[in-house]
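Reading through the structure tokens given below for one structure.
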Amino acid sequence: MSSPVLVAVAWPYASGSRHLGHVSGAYLPADVFARHQRLAGNDVLMVSGSDVHGTPITVRADDEGVTAQDIADRYHNEFLRQWEALGISWDNYTTTGTAHHARVTQGMFLEQLRNGHIDKRTSEQFFDPDAERFLPDRYIEGTCPHCSYEDARGDQCDNCGRTLDPTDLIEPRSKLSQATPVLRETEHFYFRYSDFTDEISAYLGDKSDWRPHVLNFVRSWVDEEGLLDRAITRDLDWGVELPVDDLGPGKRIYVWYDAVIGYLSASQEWASNTDDADHWRNWWYNPDSRHVYFIGKDNIPFHCLFWPAQLLSYDREIHLPDDVPANQYVTFKGGKASASRGIGLTIDQGLELFQVDGLRYALAASLPEQADTDISVEEIARRINEELVATWGNLVNRVLSMVNKNFGEQPSVDGRTAEDEALLAAVDTALVAANDHITKVELRAGLRAAMDAAQAVNAYLNATEPWKVVKDDKERGGVLLGTALDAINGARVAFAPYLPFSAMALDEVLGPVTAWERVPVPVGTPIAKPTPLFTKVDVDALLADDDTD
RNA sequence: GGCGACGUAGCUCAGUUGGUGAGAGCGCUCGACUCAUAAUCGAGAGGUCGACAGUUCGAAUCUGUCCGUCGCUACCA
């Protein structure tokens with residue numbers, strides 16, 4: 001009955017503030033799924049952490065005249081604060097900067113070196129003689145050979161859109177120092193991903209239940225070109241240190257090789273803080289466990305191709321990803337959200353403008369599960385006001401108010417009619433539907449099922465008119481209102497994964513939700529005069545002093 | 001350039017392996033109700049499913065071409 005579920009969530013990059021697109025892409029869906037799985041009785045381990053390595057962090061640190069550690073700490077702390085505010089229910093949220101993570105990464109590296117899936121190769125790369133370091137492609141600028149645009153990057157020309165190699169650029173210059181980069185030999189370790197092309201192809205072969213856009217993408221990648229070997233070290237002094245000294249100083253493990261290992265190291269770190277330090281094995285070496293990875297579509301190759309290959313090369317017995325329900329992008333009025341380009345809202349801006357559960361509702365109702373989904377400040381406000389507040393918030397308030405005014409407690413519901421039973425059956429049906437949808441990570445549909453339950457209760461109230469009945473027949477009025485309250489008690493289970501903060505407010509009145517089922521409200525439960533779960537957004541005021549839409 | 005996705009009611013989106021008259025939410029119109037955060041409930045209007053051609057007894061669903069939007073392209077993560 002109870003089975004282990006690993007909820008593995010993309011590691012946010014601690015190089016800058018994240019935006020609402022990241023929340024929609026990974027953190028919110030992961031949290032909804034994890035909360036549901038816990039209520040469904042499964043053993044959930046939900047892990048992630050800040051990815052604190054990589055070049056963008058060191059470049060930003062240089063720009064600001066601070067250390068890379070300062071940048072990593074700043075954004076890691078920002079993320080921690082935001083997860084708390086958003087109600088993301090981690091079991092362990094750590095970073096790739098821990099000594100433990102370095103040990104796990106080095107252990108995996110050594111095992112793969114030993115069994116021949118990592119080897120050493122020499123290549124030529126551009127080197128900045130002034131900054132005294134090797135340059136990633138995108139830190140080299142120059143004139144585009146195709147369109148003569150003067151500020152083309154080494155990886156791509158922003159003017160004509162063509163993909164470039166840094167050696168294509170006319171008059172290349174370093175973005176760091178403006179110096180002319182020179183080609184210099186450098187030695188790196190390579191992971192032999194090509195060794196795993198066939199196995200990964202076979203692994204993907206039985207994933208027909210994956211989202212089509214995910215499966216199409218990785219299958220065509222593997223089938224057409226196969227996997228290519230990739231350098232997994234970089235000329236940097238910021239990152240996980242190499243466990244061997246073959247390359248000399250100034251080389252570190254590449255951020256992407258180590259970031260995905262975080263799923264394993266964070267699971268172990270979690271277990272080490274419990275009574276059973278080996279408990280992580282319940283998820284990683286258990287054929288009955290299920291691993292679900294929540295990521296944006298930009299991370300698909302790393303999670304569906306490279307990470308499984310790394311795991312296979314490390315240990316044949318270790319658990320591979322079971323599902324990677326990657327989300328597409330949220331766009332803001334047609335443009336891809338980007339904090340650096342000022343498109344869309346940062347997490348802090350979203351939290352400032354909206355009540356948390358309202359924001360969670362609006363984002364969950366618009367998750368880009370199948371295709372890019374367009375949202376805006378007005379759209380979020382509309383979802384909150386016209387859907388969440390009007391249908392669910394108002395329903396809770398109207399029923400609690402009537403029960404409070406007429407009885408002050410949950411009345412007796414003896415003598416229910418077929419009409420009353422039909423309502424409860426409708427709620428139970430909605431709970432089953434929501435359970436099915438969320439299990440399959442169809443979270444928009446799951447939320448819709450919850451709303452269906454709420455609308456069924458509203459329709460029941462309009463049909464039975466308890467506010468009239470209670471005047472002439474208090475006993476029948478009590479049955480109607482008690483039934484409505486029982487129905488709400490069921491509907492709130494379906495809403496609980498999406499709206500954890502208002503769920504807690506209801507917990508104080510109706511008791512905690514402990515399982516995915518409708519539980520009758522005990523007769524005599526005191527019902528005080530309610531305060532609304534949510535408040536409406538003042539759209540005009542919002543747009544008047546907001547220029548970020 | 002290559003690869004991929006998308007283009008369905010005013011808006012945001014669903015439409016399993018092609019099959020009775022094309023859907024949801026919101027908005028809009030009309031009606032009901034007035035317990036509730038001017039909330040709710042019911043009914044209705046509204047679409048030649050981007051364009052063109054083809055396959056088929058039958059296509060939003062398959063094929064081709066075109067138009068438009070977007071993403072990826074392995075050293076951004």
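Chain identifiers are assigned alphabetically (A, B, ...) following the order of the sequence lines, protein sequences preceding nucleic acid strands; residue numbering begins at 1 within each chain.
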Just wondering, more than 12 heavy atoms not from [X] lying within 6.0 Å of its [atom1]?
X         : atom1 : result
Glu64(A)  : CD    : yes
Glu199(A) : CD    : yes
Asp237(A) : CG    : no

Does Arg448(A) make a side-chain N or O approach to OP1 or OP2 of G25(B) shorter than 4.0 Å?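 It does not, given that no N or O in the side chain of Arg448(A) lies less than 4.0 Å from OP1 or OP2 of G25(B).
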
Any side-chain N or O of Tyr254(A) less than 4.0 Å from the OP1 or OP2 oxygen of A77(B)?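 So the side chain of Tyr254(A) is within the cut-off, an N or O lying under 4.0 Å from OP1 or OP2 of A77(B).
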
Measure the distance from [atom1] on [X] to [atom2] on [N] and round it to the nearest whole Å.
X         : N      : atom1 : atom2 : answer
Phe306(A) : C72(B) : CZ    : P     : 15 Å
Ile140(A) : C76(B) : CD1   : C1'   : 14 Å
Asp298(A) : U73(B) : CG    : C1'   : 14 Å
His213(A) : C70(B) : NE2   : P     : 19 Å
Asn327(A) : C72(B) : CG    : C1'   : 17 Å
His437(A) : A14(B) : NE2   : P     : 14 Å
Gln310(A) : A74(B) : CD    : P     : 18 Å
Ile71(A)  : A77(B) : CD1   : P     : 15 Å

Using atom [atom1] of each nucleotide, how far apart are [N] and [M] to the nearest Å?
N      : M      : atom1 : answer
A14(B) : C52(B) : P     : 24 Å
G7(B)  : A39(B) : C1'   : 36 Å
C35(B) : U40(B) : P     : 16 Å
A24(B) : U37(B) : P     : 30 Å

Glu442(A) and His437(A) side chains, donor-acceptor separation under 3.5 Å: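 Yes, Glu442(A) and His437(A) have a side-chain donor paired with an acceptor closer than 3.5 Å.
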
For the residue pair Tyr293(A) / Trp307(A), report whether a side-chain donor-acceptor contact shorter than 3.5 Å exists.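 Side chains of Trp307(A) and Tyr293(A): pair found under 3.5 Å.
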
Donor-acceptor pair present, Gln370(A) side chain and C6(B) base, under 3.5 Å: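 No, the side chain and the base share no sub-3.5 Å donor-acceptor pair.
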
With no angle test and no hydrogens, is the base of A74(B) tied to the side chain of Trp221(A) by a donor-acceptor pair under 3.5 Å?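 Indeed there is one.
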
Name the residue closer to the 5' end of RNA chain B, choosing between Thr55(A) and Phe217(A) according to the nucleotide with the nearest heavy atom.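 Closest to the 5' end, via its nearest nucleotide, is Phe217(A).
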
Need to verify one output field. Residue with the more 5' nearest nucleotide on RNA chain B, Arg230(A) or Arg444(A)?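 Going by which nucleotide is closer to the 5' end, it is Arg444(A).
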
Watson-Crick and G-U pairing of RNA chain B, under 3.5 Å, as dot-bracket with | and [ ]: (((((((..((((.....[...)))).(((((.......))))).....(((((..]....))))))))))))....

Hey, is Arg383(A) close enough to Glu387(A) for a salt bridge, meaning N to O under 4.0 Å?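 Salt bridge present between Arg383(A) and Glu387(A).
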
Tell me what [X] touches on the nucleic acid: a base, only sugar-phosphate, or nothing, going by heavy atoms under 4.0 Å.
X         : answer
Thr373(A) : sugar-phosphate
Gly16(A)  : nothing
Tyr193(A) : nothing

Tell me, for nucleotides 33-40 of chain B in 5' to 3' order, what letter each nucleotide earns: B for a base near a protein heavy atom under 4.0 Å, S for only sugar-phosphate near one, - for neither? SSBBB-SB

Once you measure the plane-to-plane angle for Phe134(A) and Phe127(A), does it fall in the parallel (<30°), tilted (30-60°) or perpendicular (>60°) bin?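 The arrangement is perpendicular - the two ring planes meet at more than 60°.
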
Val427(A) to Val457(A) - nearest heavy-atom pair and separation: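 Residues Val427(A) and Val457(A), closest heavy atoms: CG2-CG2, 4.4 Å.
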
In the structure I gave you, are the side-chain heavy atoms of Thr94(A) and Trp11(A) within less than 4.5 Å of one another anywhere?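 Yes. Closest side-chain heavy atoms under 4.5 Å.
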
Do Arg234(A) and Tyr254(A) meet the cation-pi criteria used here (NZ or CZ under 6.0 Å from the six-membered ring centre, within 45° of the axis)?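 Yes, Arg234(A) sits over the ring of Tyr254(A).
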
